[in-house]
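Throughout, protein chains are lettered first and strands after them, A, B, ... in sequence-line order, and every chain is numbered starting at 1.
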Amino acid sequence: MKPFQIFNTLSRTVEEFRPLNPPNVTLYSCGPTVYLPQHLGNMRAFLFVDVLKRALRLAGYRVRHAMNITDVGHMTSDEDAGEDKVERTARAEGKSPREVADYYTELFLHDIDLLRIERPDVLCRATDHIPDMIRLIQRILDNGYAYVRPSGVYFDVEKWRGPSRMGRLSRQSLDEQMAGQRLEHSPDKKSPHDFALWVLNQPHHLMQWDSPWGRGYPGWHIECSAMSMKYLGATIDIHTGGTDHIPVHHENEIAQSESATGRPFVRYFVHNAFLVEKPGVKISKSAGKFPLLSDLVSAGFHPLAFRLFCFGAKYRSELVFSDEAIAAAQKNFEYFAQFARTLGDSEARAAEDSPWAREYRERFVEALGNDLNTPQALAVALELAAEAYRRGDRHVWNTLTEFDSVLGLDLAGLREAARGAEFPPEVARLIEQRRAARSDRNYKLADELRRRLEELGYEVRDTRDSSSYVPKGV
RNA sequence: GGCGGCGUACCCAAGUGGCUAAGGGAGAGGUCUGCAAAACCUCCAUUCAGCGGUUCGAAUCCGCUCGCCGCCUCCA
C-alpha cells in the first residue's frame, strides 16, 4: 500500500507521513475559543481534523488526539493590551468567565456531535492547566529565552531566533514583518516581536493566578505548548490549525516549545484553508456576522449535509459557502442514506462483497492517502453506489461501511432506523395495514394511510414489492 | 512594504506535463412505477481569466497582463 501523504507547512510540500512511533500518531489541534458560538468556518476546521483522524485510522494508524479549549488569555488586540474576550462576554452577559466558557464549550460539543465529529481523546481547558504553563515558562526563563518586566514575562525572540529559526513557517524574516508598525507595543518589550508568556499588573482582569513573578494570567500561545507536551510528549507528530495561525500563533508555539525542551516540537504542521462567503471573503468572528450550524438546521438542512459539503473540497482550498452547494451535499447524503436503507438483509450481512467492489476500496484509500483528497474519495463512494445499482448487485456493504468509517454518516444506523422492528407499535400497525391495502389493490386506503404515517413523521417510499418508511429529517 | 493564495461548465469542485478535463447539484430527454418518491439510462466544458514562451505534447512549467482575496493585530 502506498504511504499516507500529507502537506507539511514546514516544508511546503506534500510529504510521506512517517510518525515518530508507528503505528501510533500524536495529533494536537488548536481548538475553539469559547466566548462566542463556533461558526461554520470553525466547523470546517474541526471537520478537517475529524476526517484526517479517520483517514489515518483507515490507513492503519492509531491516533491519540488532544484539543484545547481556550478560555483565558485570548485578547481583543495584542497580548498585553485590550480585553480578554471571555471576560468581555462575561461582562456583557453578567456572568462569570467560567460560566461563559462552560456555556460555549457545551454549545461547541453539541454542534460537533451533530456533525458526527469524534470527540478528542483529550479535551483540555487552558484554565485547568495554569500550573503546567507556569512550569513551562520557568523552563524557558531558566534556559535564558525569556525575561521578566513589570508588565509581564516576555519571550525573547532576538535571543532565540538564531539562524532561520523564527519565520520558518511563515517564510517571513522578522525584519520583513511590520510588527510594531501597525499597533502600539508595550515599552517593556525589548523587541516588538517579543510576545507575552505571562501578563502581570492588569488589575481589571477577572481571571488571575499567582505565579513566581506575581499575580497575572498566561499569554495566549503558551497553553498549546504546555498542554500538547503534557498529553502528547515533547515532540508531536501532527499539529493542526487554520492557515491564519501560521505566522504568529504557531511560529510562537515552536519558539517557546523548542526553547524549553531543546527538541523538535512538531513533525508535521497541517493547516486548513478558510470557508468563505464568496471568493476571498472569509467568515470570521471578528467580522461580526457569521453563519452557524443552527442557522443551517433552521433553514431545513441536515447537519451531515454540511459535513459532506466540506468534504466536497480539499482542506487546503478555500471553499465557497452557498445554499445551493449545501443543498447539493444534502442530495448526496440522502442518496447514501437511501442506498443503505434499501439493501436487503442478505446483501448487508454477506461476509464478502462482490469482487468488483475491491477496486473502489483501493481508489478510496488512495484518494485519502493523497493529501486527504476528500472530493475524490467522495466521488469514489458515490460511484460505488451507482455501480451497484447499475449492476443490480448490491453486495458492497462491507466496502460501504469502511467508506463510512471516514465519511461518518452512520449509514448502518440509518439503515437500522428504517427497519420495521424499530418502529413504535402504532406506526408498525399502520404500516401493516397499508401493506395489506396495497396487496388488495385498495389504493384509496393505502394513500390515506400514507397521509397518516406522514403526520406521524414517516416518509413512505414504495418499491414494486415492498416499502420503506423513513423518519422525517433522516 | 513583505509573505501567500485564487481565477476550471449555470453552481460547488477534483485534476498540476501525455488515454475521451473526476464527481455532485441544477437543467433536458427517456425507462421503471397504482400514486408519490427513489433508482437507472442518455445528453450537458474541442476547453481550463487573457496573451506570449518552453515542449513532440500544458488547464498543469515559465513570463507578462487583468481581476479577486488572505496574512503580517484577535481570528479555523
Worksheet item: Under 6.0 Å between the ring centres of Tyr268(A) and His239(A)?
Response: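 No - the distance between ring centres of Tyr268(A) and His239(A) does not fall below the 6.0 Å cut-off.
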Worksheet item: Would the His250(A) and His221(A) ring centres measure less than 6.0 Å apart?
Response: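 No, ring centres 6.0 Å or more apart.
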Side chain of [X] (C-beta onward), nearest among [options]:
| X | options | value |
| --- | --- | --- |
| Pro375(A) | rC12(B), rA13(B), rA76(B) | rA13(B) |
| Leu275(A) | rA76(B), rC40(B), rG34(B) | rA76(B) |
| Arg461(A) | rA37(B), rC11(B), rA76(B) | rA37(B) |
| Ala328(A) | rC74(B), rG25(B), rC69(B) | rG25(B) |
| Arg12(A) | rG25(B), rA14(B), rG4(B) | rG4(B) |
| Glu318(A) | rC12(B), rC69(B), rA76(B) | rC69(B) |

Value in whole Å for how far the [atom2] atom of [N] lies from [atom1] of [X]:
| X | N | atom1 | atom2 | answer |
| --- | --- | --- | --- | --- |
| Arg451(A) | rC35(B) | CZ | P | 16 Å |
| Phe274(A) | rG4(B) | CZ | C1' | 12 Å |
| Lys314(A) | rG5(B) | NZ | C1' | 14 Å |
| Tyr360(A) | rG23(B) | OH | P | 11 Å |
| Arg438(A) | rA37(B) | CZ | P | 15 Å |
| His249(A) | rC72(B) | NE2 | P | 13 Å |
| Ile238(A) | rA76(B) | CD1 | P | 20 Å |
| Asp323(A) | rC11(B) | CG | P | 16 Å |

In the strands shown, is [N] matched to any nucleotide by a Watson-Crick or G-U wobble pair with both distances under 3.5 Å, and which?
| N | value |
| --- | --- |
| rG17(B) | none |
| rC43(B) | rG27(B) |
| rA76(B) | none |
| rG4(B) | rC69(B) |
| rG57(B) | none |
| rC64(B) | rG50(B) |

Practice prompt. Take Thr240(A) and Asn272(A) through the side chain to side chain contact (heavy atoms under 4.5 Å, CB included) test and state the conclusion after the steps.
Written response: CA-CA 8 Å; Thr240(A) 67; Asn272(A) 65 278; 6.0 Å; no
Worksheet item: Considering the options Thr243(A), Thr9(A), Asp371(A), which one meets the side-chain hydrogen bond (donor to acceptor under 3.5 Å, both in side chains) requirement together with Arg316(A)?
Response: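 In the set Thr243(A), Thr9(A), Asp371(A), the residue that makes a side-chain hydrogen bond (donor to acceptor under 3.5 Å, both in side chains) with Arg316(A) is Asp371(A).
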Worksheet item: Where do Asp121(A) and Val63(A) come nearest, in terms of heavy atoms and distance?
Response: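 Looking at all heavy atoms of both residues, the closest pair is OD2-O, 3.4 Å.
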I'd like the [atom1] distance from [M] over to [N], given in whole Å.
| N | M | atom1 | answer |
| --- | --- | --- | --- |
| rC69(B) | rU31(B) | P | 50 Å |
| rG24(B) | rG4(B) | C1' | 30 Å |
| rU60(B) | rG2(B) | C1' | 28 Å |
| rG70(B) | rA58(B) | C1' | 28 Å |
| rC12(B) | rG29(B) | C1' | 25 Å |
| rU54(B) | rG18(B) | C1' | 16 Å |
| rG50(B) | rU46(B) | P | 12 Å |
| rG57(B) | rC72(B) | P | 45 Å |

Worksheet item: Between Phe309(A) and Asn272(A), which has a closest nucleotide on RNA chain B that is more 5'?
Response: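 Looking at RNA chain B, the more 5' nearest nucleotide goes with Phe309(A).
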Discussion item. Between Ala385(A) and Arg450(A), which residue's closest nucleotide on RNA chain B lies nearer the 5′ terminus?
Written reply: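 So the residue in question is Arg450(A).
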Worksheet item: Aromatic rings Tyr217(A) and His205(A): how do their planes relate, parallel, tilted or perpendicular, breaks at 30° and 60°?
Response: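 Tyr217(A) vs His205(A) ring planes: parallel.
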Discussion item. For Phe306(A) and Phe309(A), take the angle between the two ring planes, folded into 0 to 90°, and tell me which bin it lands in: parallel under 30, tilted 30 to 60, perpendicular over 60.
Written reply: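 Taking Phe309(A) first and then Phe306(A), their aromatic rings sit tilted (interplane angle of 30° to 60°).
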Between [X] and [N], is there a side-chain N or O to OP1/OP2 distance below 4.0 Å?
| X | N | answer |
| --- | --- | --- |
| Lys331(A) | rA26(B) | yes |
| Thr243(A) | rG70(B) | no |
| Asn373(A) | rG15(B) | yes |
| Tyr389(A) | rC32(B) | no |

When we call it a touch if two heavy atoms are under 4.0 Å apart, what does [X] touch: a base, just sugar-phosphate, or nothing?
| X | result |
| --- | --- |
| Phe48(A) | nothing |
| Ala386(A) | sugar-phosphate |
| Leu319(A) | sugar-phosphate |
| Val460(A) | base |
| Ala327(A) | nothing |
| Leu382(A) | sugar-phosphate |
| Glu383(A) | sugar-phosphate |
| Ser317(A) | sugar-phosphate |
| Glu324(A) | base |

Discussion item. Using a 6.0 Å distance limit plus a 45 degree cone around the ring axis, check whether Arg361(A) lies over the aromatic ring of Phe364(A).
Written reply: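 No, Arg361(A) and Phe364(A) do not form such a contact.
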Practice prompt. Using the ring of Tyr154(A) (Phe, Tyr or Trp, six-membered ring only), decide whether Lys190(A) places NZ or CZ under 6.0 Å from its centre and within 45 degrees of its axis.
Written response: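 Geometry flag: not set, cation outside 6.0 Å or 45°.
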Discussion item. Counting distance alone, no hydrogens or angles: does the base of rG23(B) have a donor or acceptor under 3.5 Å from a partner atom on the side chain of Asn332(A)?
Written reply: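 Checked by distance alone, the answer is no.
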